Amino acid sequence: MSRQQPVVGVSEAITVLFIFISAKVLLTHIILVLHAGMNAAWAIPILDTAVALLGVWLLVSLLDRYSGRDLVQIGEHLTGPYVNLLFSLFYLAVFLGGAGLALRAASERMVAGFLPDTPISVVAFSFLLGSTVVSYLGLEAVTRSARFLAGVLVVSALALAVLTVPMWQLHVFFPLWGAGPWKLLLGALANTGDFVQILLLGLIAPFLPASKIKHVGVWGVVIGGFFIFLFILLPLLIFTFPAASELTLPSFEVARIISIGRFGQRLEIVFMPIWVFGNLIFLAISLYAGAAVLTSLCRLNDVRPFVLAVAALVMTVAFVPQNVAQTTYWSHRYLSQYSFGVLVVVLLFLHAAGAFKKGRGGGKQ
Amino acid sequence: MSWLKTLLQYLLYHKPRPESTVFQAGIEDKPGQAETGLAGGAGGRRQPQAAGGGGQKTSGRKKRGYSAREKFSGQVEENLSIEEILQGEVKLAYSLEENRRVLAKIFHVPQNKDVVLRSLSIGTNPPVKALLVFIDGITNAQVQNLAILQPLMVLSGLVDERRGAGHAGSVYRDLFDRVREALLPNNQVAETDTYRRVVDDVLGGNSALLIDGFNQALLLETKGWHYRSVGTPQVEAVIQGPQEAFTEQIRINTSLVRKIIRDPALVTEFIKVGKSSPLQCAVMYMANLANPDLVREVKRRLSNIRADYVQETGLMEQMIEDNPYYPAPQVLRTERPDRVAANIMEGKVGILVGGNPFAMVVPVTFWDLMQVPEDAYVRWPFGSFMRLIRYAGLFLAMLLPAHYVAIVGYHQEFIPTDLLLAMTGSREKVPFPSIVEVLIMELSFELIREAGIRIPGTVGTTLGIIGALILGQAAVAANIVSPILIIVVAVTALGSFAIPNYSFSVSIRVLRFVYIFLAALLGLLGILVGFFIHAGLLVSLKSFGSPFMAPAVPVMRKGHDYFLRGMAWQQETRPDYVEPLQERRQPRISRRWLYTRRGRQGGDGP
């Protein structure tokens, strides 16, 4: 609510980054990773985490060189307004597209799992309302809410893992390389876009302690990678491959199968906070990030006027796909497959522009 | 087209015209008299009636346009002149009669019988006229008689005149100086030369002595109003721990805190708040601990309150809190001196308000609102356990009825089959949806609670129990609500009583209804979305600049006393969010006896 410059602590920044990266495991998306890696799909997030760390290195080195500026401002400084507009449209596409598709997928999931008689528009509106209010309150509210609720998310996720231990089938690890190392590597490269959300670091960097940006990036990616790994591994261990790849909502099915005696059954409702809070935080971050890109682009100081506009865009995007299958397919095709590659290209271009400018006497600023 | 005009008059907005109040019994019953009375009240400025009906109506509207200010313009002017005397810091006159006239005007004497303007002669040679001004009932008559009137009127003549004021070799500058130095055996005497200061002190229970020929007054300490003695806490009772509570007397309250903190660094600053009836506020802090920025901010907010009447801690809280729109309190109100002292020792600031048995402590966090002093007075595992119970109470008070509505309405699969059958069986005859039965019972309970507070003490408790029991029993028997809902409502009520801070408890009671509606609308999803927004608002909230949810978010150094209660010897540092001047409150090893050999101690003893 404060109009002062927001201050984001290291802990909050790491939390918000890892939730932003790993929230997609709560949706249908992970079955496409299972298709790519087969019974060795658990290795894909590990490989992707390593690739994402390279992306973090590229990003942080750029942010460190131009400290006090966000990625949009750096782009404008190095490439001018027109080229930077293209880059910014890419950032916007990542945030708005990701948020819109996540909103649709999460709403579909709620309707399918918990509220079968409720219209999907009402469910989507409720998700959007919660995330819009919090992102309207500002970056501090978004990051602190994420940090405040992170305990619920982490404990619930770990409880989900622990309560399914009796159902784990360890033979699923073999053959260890799945369809082979080469195919596994290709599968990993095809899913690097799962970590494109490191872009967020480029937008919140000016509000972080200057010496801790790398720390935030590395830990955010590592913890996010761990949760993606966990939520890919769990359905594999419980349902084995290929049965796991045929589930519509793997994390929901994992929660649903938990049984603790006669009284402790159908516990999926207990794990509902993971899905709701995880997606709400993801949406709130996306709305804030989208608004922040537009704010930087328009050289304004306050993100709030753009939050409502971005929310309206996200709602529109959410209802473009015809059904949840198309939503999942688009999310995988346009965000998980190519987006990280585009980001790396943008970052390399900015590095090259920086080096060129330095060579011509532009120097560090 | 007059009908169109009339219609438009009804349809279009017209600025409402103030109606004057006629303070005359029965005038509205006399036909035609009310209008006449109104016009007459305006000082006979009634206009002659116009011939046309329209003109008549217009003049009628104009007639009602005057206000009480116009009607009593003389009195308004007099009030303004008094205001000018007070606000303009007008100096006292040399003439005693002039001073008497002005003070009589300010205090509305002779109508005002509380104010006494006592004329006297100081028994010097020659006698000098003087005037003692005070308010009867709030001064100590014995002190006035023995320490003011008797020395001035009787004993002043006993002093050797040759050593009196004005004579060669006199130690006194003049008579005024002599009266102040030698004739008034009063423990506190101050001087002033303005009417405003005289009026302020007289209203505060002091007496003002004015002497003919001097444009100064002596302000004498004669406060003597009646007050309650120090009693036991009524709201924050503890089983083990101090049993003292604040009273309505601010000086007693400051002394209660000072009795606990015997440190010269404890500073008490007084600030007057309000306009018509300035209220004395004491700002207490440790000069060597409290952040000067925090102290400055507290004083800035208090001294910048512009209001006629801020006579209660609750009113003042509303004037100084950071976010008035959020229901949770952003100031800790307590009646316990030990709690204020403990918070001051953490680097916070205490605000004591005159005439109020509740003090305020700032800044406050969510965790402070869930703590009670007894947590510290029992051993740490039990203190922690009691806090956990309180957090469970908070959760139940806020979310249990909403969960009932959500589960019954949307998530029946969550309930094990046997329990579901039992619940369905008990609800079978209830004709209402779950939201209606929950609202019926919750509102009934709130009604009982509110009525229980307002009903006289002798019957209040009994009525509360009878109301709750009979109402619940009868509601179940009449198939208005299900028996399981009675359990839900009872547990919810117990949960709300477990919240130790009254303001916070009330805010939770109100928020409970929001969650009930959200649950009715969207089941558990509604509750979770509401909680997310609630969390977003909570983490954005600040109390005097300190984050309300600190040290949880933003993450700060966590002591061993915020969520759970740690061991006393582990609590080595003060809270980070108040940024105290001294971070450490005890050394790393506070139980030094563990490291001291028994033989070495007491070596210097007898």
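Below, each value reflects all heavy atoms present in this structure, side chains not excepted, and no hydrogens, waters or symmetry copies. None of the values given here were measured: they were computed from a predicted structure.
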Exercise. Counting heavy-atom pairs under 4.5 Å to chain B, which of A:Ile281, A:Val133, A:Leu280 comes out on top?
Worked result: A:Leu280
For this session: Count the heavy-atom pairs under 4.5 Å between each of B:Gly536, B:Pro554, B:Gly523 and chain A, then report the option with the highest count.
Result: B:Pro554
Seminar exercise, completed: Checking heavy-atom separations under 4.5 Å from chain B, one finds in residues 102-122 of chain A A:Met110, A:Phe114, A:Leu115, A:Thr118, A:Val122
Exercise. Counting heavy atoms not belonging to B:Trp367, are there more than 12 under 6.0 Å from its CH2?
Worked result: yes
Exercise. Where do A:Ala141 and B:Val539 come nearest, in terms of heavy atoms and distance?
Worked result: O-CG2, 3.8 Å
Problem set entry | side-chain hydrogen bond (donor to acceptor under 3.5 Å, both in side chains) partners for B:His411, two or more places apart | none
For this session: Verify the neighbour count for atom CZ of A:Phe125: are there more than 12 heavy atoms of other residues, nucleotides or ligands below 6.0 Å?
Result: no
Seminar exercise, completed: The interface call for A:Leu149 against chain B, heavy-atom contacts under 4.5 Å, is side chain
Exercise. Heavy-atom count around B:Glu413 CD within 6.0 Å, excluding the residue itself: above 12?
Worked result: yes
For this session: Against chain B, label A:Ala284 side chain, backbone, both or neither, depending on which of its atoms sit under 4.5 Å from a heavy atom there.
Result: side chain
Exercise. So do B:Pro547 and A:Arg144 actually touch side chain to side chain, heavy atoms under 4.5 Å?
Worked result: yes
Exercise. Looking only at heavy atoms, which two atoms of B:Leu525 and A:Ser126 are closest? And how far apart?
Worked result: CD2-OG, 3.6 Å
Problem set entry | Reported CE-to-CZ distance for the pair B:Met549 and A:Arg147, which is rounded to 0.5 angstrom | 11.5 Å
Exercise. What part of B:Met556 gets closer than 4.5 Å to chain A, counting heavy atoms only: side chain, backbone, both or neither?
Worked result: neither
Exercise. Going through the distances and angles, do B:Val555 and A:Glu12 end up as a side-chain contact (heavy atoms from CB on, under 4.5 Å)?
Worked result: CA-CA 7 Å; B:Val555 178; A:Glu12 288 101 275; 3.6 Å; yes
For this session: Of all the heavy-atom pairs spanning A:Ser131 and B:Phe532, show the shortest one and how long it is.
Result: CA-CE2, 4.2 Å
